[in-house]
Amino acid sequence: MTPTNTDRSGTSRRSLLARGAALAAAPSIGAIMAAVAGPSPAEADSALQDYAPVPPSALGPALNSQGYYVGRVERNLYWVTDGTYQSAFLTTRDGVVLFDAPPTIGHNLRRAVDEIAAANGVSNRVTHLVYSHHHADHIGASALFGKHVVRVGHAETRRLLLQYNDPARPAPDVTFQDRRTLRVGGERVELAWRGSNHAPDNIYIHLPDHDTLMLVDIALPGWVPIYNLNLSADIPGFIAAPTTALSYPWKHYIGGHLGRLGTRADLGLHQQYVTDIVDNVKTALATVDPTPYFVKYGPNPWAAVKTYLDAVTDQAAAPVIAKYTGVLAAADVFTTSSTLTILESVRLDLGFGSQIHP
Ligand SMILES: [Zn+2]
């Protein structure tokens, strides 16, 4: 990774003003995160809950005064981050292939491409835009690249985007069902759909000549998943995805989130975290006695179900939070949410603990 145009000295007046304007005009989550992510964050409300500090291992390179970092992954493959979201691009002799266009990075994608293209004396024309999946938080800046860029994605991504009809996310023109090799300017990108996971259309983007796999919204290097295992549609598919990812040869992992790239060890740590939750959920389901909850709330079965399953969740999550605090960032923030999701999947998808009335 080659830091370029990195400003470690602090936040410029211009970017502070831009942050303030973004907050005042439209307090989107992205704008707020951009405003507070820098070295001079907005003043914190002391009434809000404190969480464990973010371990240094979770952090990536410093952002420049524009609010982004662009660095080399390997040879002519680069990645871009705003500290929360990630995109990547490949410079080729025939133009640039962009992978995802998160709206939080937005116009900084263009700046990052221009910066690298100028430094290397290659074309800055974005000719292709590959979608990892249909979610707006990863491709919502697609329209910035105009009508003439060739958009590439899964057939289901196209179907969903045509259905949702969001002008910010034009449907892909080039689609595939299981596999497609994308060749641009002598470079090779292997796209594959290996079943649903985080989303029904989430694909594996393998760059075998760059030792890199891009798989978005599965493992977030250095961090636990956000709510409900990254708000995933298919929990067994989500849990299985890292094994599929590790079946590819690669050294660099682009997870789509937060401030740094990943390694194979990061995927292993993510797998261990999820496995620990699954194991603890099974133990808690077998040991927490539901009787008191159903006795107490007899005529209100939903109150009984909630308090019982919350007790199972809390028992399963507590040792995982203790084990991973200081290891994976935000273990104390989101583990309980993901534990409830795993609990419901273990019960409903796997049928664990399901009993037939005698
Ligand atoms: Zn997503």
Side-chain angles (χ1 to χ4, degrees), residues 10-11 16 19-20 22-23 27-63 67 69 81-86 102 104 137 198 216-232 235 238 255-263 265-281 284 306-307 309-344:
T11 306
L16 269 179
R19 290 166 175 194
L23 279 173
S28 69
I29 292 176
I32 293 168
M33 289 179 118
V36 300
S40 304
E43 198 174 316
D45 182 342
S46 59
L48 294 176
Q49 185 176 345
D50 288 320
Y51 289 105
V54 171
S57 57
L59 300 175
L63 307 182
Y69 168 87
T81 184
D82 60 4
T84 305
Y85 279 84
Q86 298 176 356
T104 59
D137 62 331
H198 161 69
V216 169
D217 283 345
I218 302 291
L220 315 181
W223 294 74
V224 301
I226 197 171
Y227 291 107
N228 311 118
L229 287 184
N230 292 337
L231 305 162
S232 290
I235 299 306
F238 176 94
H257 275 291
L258 296 146
R260 69 167 174 84
L261 295 176
T263 63
D266 284 313
L267 257 75
L269 184 57
H270 165 92
Q271 281 183 304
Q272 189 59 57
Y273 169 78
V274 173
T275 299
D276 286 348
I277 297 176
V278 172
D279 290 348
N280 286 2
V281 157
K306 179 184 190 297
T307 50
L309 291 181
D310 282 353
V312 174
T313 300
D314 288 342
Q315 181 176 310
V320 181
I321 294 169
K323 178 175 173 183
Y324 288 92
T325 294
V327 178
L328 286 173
D332 55 339
V333 180
F334 280 125
T335 297
T336 302
S337 168
S338 289
T339 301
L340 177 60
T341 296
I342 288 178
L343 162 61
E344 296 298 7

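Just so it is clear, the structure is predicted and the values come from calculations on it, not from any experiment.
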Check step by step if side chain to side chain donor-acceptor pair (under 3.5 Å) holds for D82 and Y69. CA-CA 7 Å; D82 60 4; Y69 168 87; over 6 Å; no
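- By the 4.5 Å heavy-atom criterion applied to side chains, V320 and T339 are not counted as neighbours.
- The main-chain N or O of N230 is found under 3.5 Å from a side-chain atom of H198 such that the two form a donor-acceptor pair.
- How far CG of D314 is from CG of L309: 11.0 Å, rounded to the nearest 0.5 Å.
- Counting only distance, with no hydrogens or angles, the side chain of D266 and the backbone of P221 share no donor-acceptor pair below 3.5 Å.
- Two residues are said to be in side-chain contact when any heavy atoms from C-beta on lie closer than 4.5 Å; L328 and W223 fail this criterion.
- Without hydrogens or angle criteria, S337 side chain to Y227 main chain gives no donor-acceptor distance under 3.5 Å.
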Does the side chain to side chain donor-acceptor pair (under 3.5 Å) test come out yes or no for D310 and T313, once each step is laid out? CA-CA 5 Å; D310 282 353; T313 300; 5.0 Å; no
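- Using a distance-only test at 3.5 Å, with no hydrogens or angles considered, a donor-acceptor pair links the side chain of T81 to the main chain of L258.
- You'll find the side chain of T275 reaches within 4.5 Å of the side chain of D279, heavy atoms only.
- Counting only distance, with no hydrogens or angles, the side chain of H257 and the backbone of T84 share a donor-acceptor pair below 3.5 Å.
- Note that the CD atom of Q272 and the OH atom of Y324 stand 4.5 Å from one another [nearest 0.5 Å].
- You'll find the side chain of Q315 stays beyond 4.5 Å of the side chain of N280, heavy atoms only.
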Worked check of side chain to side chain donor-acceptor pair (under 3.5 Å) between S338 and Y273: CA-CA 11 Å; S338 289; Y273 169 78; 5.1 Å; no
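- Taking CD from Q271 and CD1 from I218, the interatomic distance works out to 11.0 Å, rounded to the nearest 0.5 Å.
- Looking at D217 and F238, their side chains never come closer than 4.5 Å, going by heavy atoms from C-beta outward.
- The main-chain N or O of G83 is never found under 3.5 Å from a side-chain atom of R260 such that the two would form a donor-acceptor pair.
- The main-chain N or O of I235 is never found under 3.5 Å from a side-chain atom of S232 such that the two would form a donor-acceptor pair.
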